[in-house]
Amino acid sequence: MLTLKETLRAVLYERLNTIYPVAPEDIDFLYPPQAKFGDLALSLPMPLAKKLRENPRAIAKKMAGEIGALPGVVRTEVAGAGFINLFLDRDSFFRERLASAGRSALRPEERKIIVEHTNINPNKAAHIGHLRNACLGDTLVRCLRAKGETVEVQNYLDDTGVQVVDVVFGLMELQGKNIADLDGIERFDYYCWDLYARTAAYLESHPESRGRKAEILKGIEHGREPESGMAFAVSRRIARAHLRTMERIGAAYDVFPCESSILGLKFWERAFALLKERRAIHRAEDGPNAGCWVMKVEDEDDREKIIVRSDGTVTYVGKDIAYQLWKFGLLGRDFYYEPFAETDGRTLWISTAVPNDRTVGFGGGSRVYNVIDARQAYLQKVVVQGLRALQYEAEARKSVHFSYEMVALSLRSLKYLGIEATAEESAKGFVEVSGRKGLGVKADDLLDLLERKAGAEVDKRNPDMPEADRRKTAAAIARGALRYFMLKYALNSLIVFDVDDALSFEGETGPYLMYTSVRLNSIFRKLSEREGRDAAAPAAKAAAEGKALESVSEAERDELWDLISTAAKLEEEVLHSIASLEFSRLAKFAFLLSQKTNAYYHRRPVLAEENEDIKNARISVLFYVRDGLKKALDLMGLDIPERM
RNA sequence: GUGCCUGUAGCUCAGCUGGAUAGAGCGACGGCCUCCGGAGCCGUAGGUCACAGGUUCGAAUCCUGUCAGGCACGCCA
């Protein structure tokens, strides 16, 4: 549809620009709400009516004549307040779609795109909030790659931050453990989940222990043992646990840039020098921020953000500005890297400050997406302003905060966790997830629950399937259920996580989409098994002759056309999703297409159809639709099992 | 206090760069397995699009105000 629209736009512009004051981008198409209004509609007469101070309907009538014959359009019709409805030549459109299989109308626009997502503090197990981040980030990556972009996926490891410090404090001070003891701890991420919550509470109620905590922090930052080695061991072990968790939902990364490397290679000092040199920050001489290096925040009032504290230490924002500069290749230096893990033959690298002679390099993107929840909008704004203050205007514009609302827990979910809600929480109706309080559903627990439930269904329906295949299928269903659940909400919608809702496999869910495709595949498998048919042949024939729809009844032709024209919108849905970062749109699209498909094959048998021409028409259309569905599910990270 | 976001069916949410009769899922009610897999299909009921103004040929969508809710605003990250 994208290709056709572009063609039509060019033709229309050429014919109309001498008659009306129009630019090519004014010529836009919308999809009519009903089939009787055609396949595409031009609303151009209406904005023109405003400009020309004429009746839109009259303009539409006149324009329809001036347009004349259009390629791929069999007739036009003036309707409503001033729409020009276009009716497409269905056979030729379908033929073109089939012929273009494997070709993409999408083109990359950037040299290299960096997507940073997940970014969990490496001090405890991942929870549902982190899953939303990873699902959104990974889907963005998949869509960008489908568009043809070169994408680098980063997962920032804050391995020297206060959260890690808390766990190190807990291990050393509360439990008297040393590095060697860590190996004996099973399920380390779960262990730290509890320990972190306990330590945070302990530190809260024992103010006298803050001195020791500060010591540990300093020790870690300056590489002193044993604190430093402890932090290193904790963060690496947890990072591996996160990697396994995210593997379960199909999210993967290229590199883990570490805060310890930023400190070790003095990236901040370099950034600080730049900031001072370009006068992006200045030292406050008096007032409440006296002695600090501050940056002006573009706000209504004269707000200042502290970048360097009066004791000379740098704030989180400062480090983030340095990191952002590196992502754009503006720092003039890179980390060193070591292999961290191997997945599907690809190496995941982790940064290090220790020089080596490996030649891998990262960063230096032309566009950067930071997938971070909405609560950090202010800080992200300051970071972008830092770029601006350094006169990196182009980079500032291409620094995108991919912001989404957080995940909270429903009161029902609290009960499931065995936690009593306070009166305030009951009134609110939900509770914020908090790693610090140990309040949340762990990602792996949720996935386990989903897998168990899916497994029971798979066992019931496929008793003959080998055990290993059933477990694999259950895992795929769990992943699909979770990913779709995280994707189907708009970004600014707070997800009040409810275990029962998330566990549902019916209605608008990932398993529904998967099921539709599995059944579709099953039809094609049977075509080949029972009848020895090459399922691609009717489509190939239709692509060559273009008369696929001729043999079916008028009513069914409309049904088939509805499927074709819906499936043909995939590419523009992808573009729209990327532009708006609203992947709920892609999710809705895939669901709609699945619904139409499901309803169709329920009504129209394929295998049992006796009329060969009708049968071939059905096969060729479903062949095309199946391809679109598969692509859409793949973009969302949903696998299609053999059976389910 | 300032800034950002949200208010649409009983519930959860789409639709929002203005366009033709406001849609889905869940729940409720009623149907459909001699037929490619019932994680499915078909149907019924259910809406002053928070409220009040404004702009427009046209507003759920844009603007202003009111009410209600959420989030952010630290020499934490």
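Since the model is a prediction, treat every value here as computed from it, not as a measurement.
No contact: A:Val294 has no heavy atom under 4.0 Å from any strand. No engagement by A:Val317 is indicated, since no non-hydrogen atom pair under 4.0 Å with the nucleic acid exists. A:Ala481 comes within contact range of no nucleotide atom at all, as no heavy-atom separation falls under 4.0 Å. Residue A:Asp158 is in sugar-phosphate contact alone, with no base atom involved, counting any heavy-atom pair closer than 4.0 Å across all strands shown. Among the atoms of the strands shown, base atoms are found under 4.0 Å from some heavy atom of A:Ile477. Among the heavy atoms of the strands lying under 4.0 Å from A:Ala599 are primed sugar atoms or P, OP1, OP2 only; no base atom is included. Counting any heavy atom pair closer than 4.0 Å across all strands shown, A:Leu592 reaches no nucleic acid atom. Among the atoms of the strands shown, base atoms are found under 4.0 Å from some heavy atom of A:Lys36.
Side-chain contact between A:Arg483 and A:Met636: absent, with no pair of heavy atoms (C-beta onward) separated by less than 4.5 Å. Taking 4.5 Å as the limit, some side-chain heavy atom of A:Leu86 sits within range of a side-chain heavy atom of A:Phe29. No side-chain heavy atom of A:Phe497 sits under 4.5 Å from any side-chain heavy atom of A:Phe430.
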With sugar-phosphate taken as primed atoms, P, OP1 and OP2 and all else as base, the protein-contact string of nucleotides 14-20 of chain B at under 4.0 Å (heavy atoms; B, S, -) is S----BB
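A distance of about 39 Å separates the P atoms of B:G27 and B:C67, rounded to the whole Å. To the nearest whole angstrom, the two C1' atoms, one in B:C71 and one in B:C75, are 24 Å apart. B:C11 and B:C49 have their P atoms separated by 16 Å, with the value rounded to a whole Å. A distance of about 13 Å separates the P atoms of B:G7 and B:U12, rounded to the whole Å. Using atom P as the reference point in both B:G46 and B:C33, the two lie 28 Å apart (nearest Å). Taking the P atom of each, B:A22 and B:A45 are spaced 15 Å apart, rounded to whole Å. To the nearest whole angstrom, the two P atoms, one in B:G3 and one in B:G65, are 10 Å apart. When the C1' atom is used for both B:U61 and B:A50, the distance is 16 Å, rounded to whole Å.
Going from atom CG of A:Asp498 over to atom C1' of B:C11 covers 11 Å, rounded to whole Å. For the pair A:Asn462 CG and B:G37 P, the interatomic distance rounds to 12 Å; values are reported in whole Å. One can place CG of A:Asn55 at 15 Å from C1' of B:U56, the figure rounded to the nearest angstrom. Atom CZ of A:Phe583 is separated from atom P of B:C13 by 21 Å (rounded to the nearest Å). To the nearest angstrom, P of B:G74 lies 14 Å from CZ of A:Arg309. Distance A:Tyr600 OH to B:C42 P: 14 Å, rounded to the nearest Å. In this structure, A:Asp373 atom CG and B:C71 atom P are separated by 12 Å, rounded to whole Å. Atom CG in A:Leu513 sits roughly 17 Å away from atom C1' in B:G37 (whole-Å rounding).
Mapping A:His602 and A:Ile523 onto RNA chain B by nearest heavy atom places A:Ile523 closer to the 5' end of the strand. In terms of position along RNA chain B, the nucleotide closest to A:Arg604 lies nearer the 5' end than the nucleotide closest to the other residue of the pair A:Arg604 and A:Thr473.
If you check the side chains of A:Asn598 and A:Thr516, you find a donor sitting under 3.5 Å from an acceptor. The closest side-chain donor-acceptor pair between A:Thr597 and A:Arg519, if any, does not fall under 3.5 angstrom. A donor atom on one side chain and an acceptor atom on the other are not found under 3.5 Å apart for A:Tyr515 and A:Glu506. Between A:Glu259 and A:Tyr156, the side chains place a donor N or O and an acceptor N or O closer than 3.5 Å (distance only, hydrogens not considered).
For A:Arg643, the side-chain atoms get nearest to B:G37 when compared with the rest of B:G37, B:A72, B:C42. Closest to the A:Ile306 side chain, of the nucleotides B:A77, B:G40, B:C75, is B:C75.
Regarding contacts with the backbone of B:C75, every side-chain N or O of A:Ser310 stays at 4.0 angstrom or more from both OP1 and OP2. Contact check, A:Arg461 against B:G37: no side-chain N or O comes under 4.0 Å of OP1 or OP2. Put simply, A:Lys428 has no side-chain N or O that comes within less than 4.0 Å of OP1 or OP2 on B:A68. Between A:Lys460 and the phosphate of B:A39, there is no side-chain N or O to OP1/OP2 separation shorter than 4.0 Å. Not one side-chain nitrogen or oxygen of A:Gln376 sits closer than 4.0 Å to the OP1 or OP2 atom of B:C73. Between A:Arg519 and B:G38, a side-chain N or O to OP1/OP2 separation shorter than 4.0 Å is present. Within the 4.0 Å cut-off from OP1 or OP2 of B:C41, at least one side-chain nitrogen or oxygen of A:Tyr512 is found. Distances shown here put a side-chain N or O of A:Tyr515 below 4.0 Å from the OP1 or OP2 atom of B:A39.
The backbone N or O of A:Lys296 lies less than 3.5 Å from no partner atom in the side chain of A:Arg303, so there is not a single donor-acceptor pair.
Summarising the geometry of A:Tyr484 relative to A:Lys588, their closest heavy-atom pair is OH-N, 4.1 Å, with the distance given to 0.1 Å.
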Test salt bridge (Lys or Arg N to Asp or Glu O under 4.0 Å) applied to A:Arg604 and A:Glu609, step by step
CA-CA 8 Å; A:Arg604 311 285 186 182; A:Glu609 176 56 44; over 6 Å; no
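In secondary-structure terms, RNA chain B builds stems of at least 3 consecutive Watson-Crick or G-U pairs, each pair having both distances under 3.5 Å, at B:1-7 with B:67-73, B:10-13 with B:23-26, B:28-32 with B:40-44, B:50-54 with B:62-66.
With a 6.0 Å cutoff to the six-membered ring centre and a 45° limit on the axis angle, A:Lys488 does not count as a cation-pi contact of A:Phe591. At least one test fails for A:Arg132 against the ring of A:Tyr404: distance under 6.0 Å to the centre or angle within 45° of the axis.
Taking syn as a glycosidic angle within 90° of 0, B:C33 qualifies as syn.
The ring of A:Phe83 has its center no closer than 6.0 angstrom to the ring center of A:Phe37.
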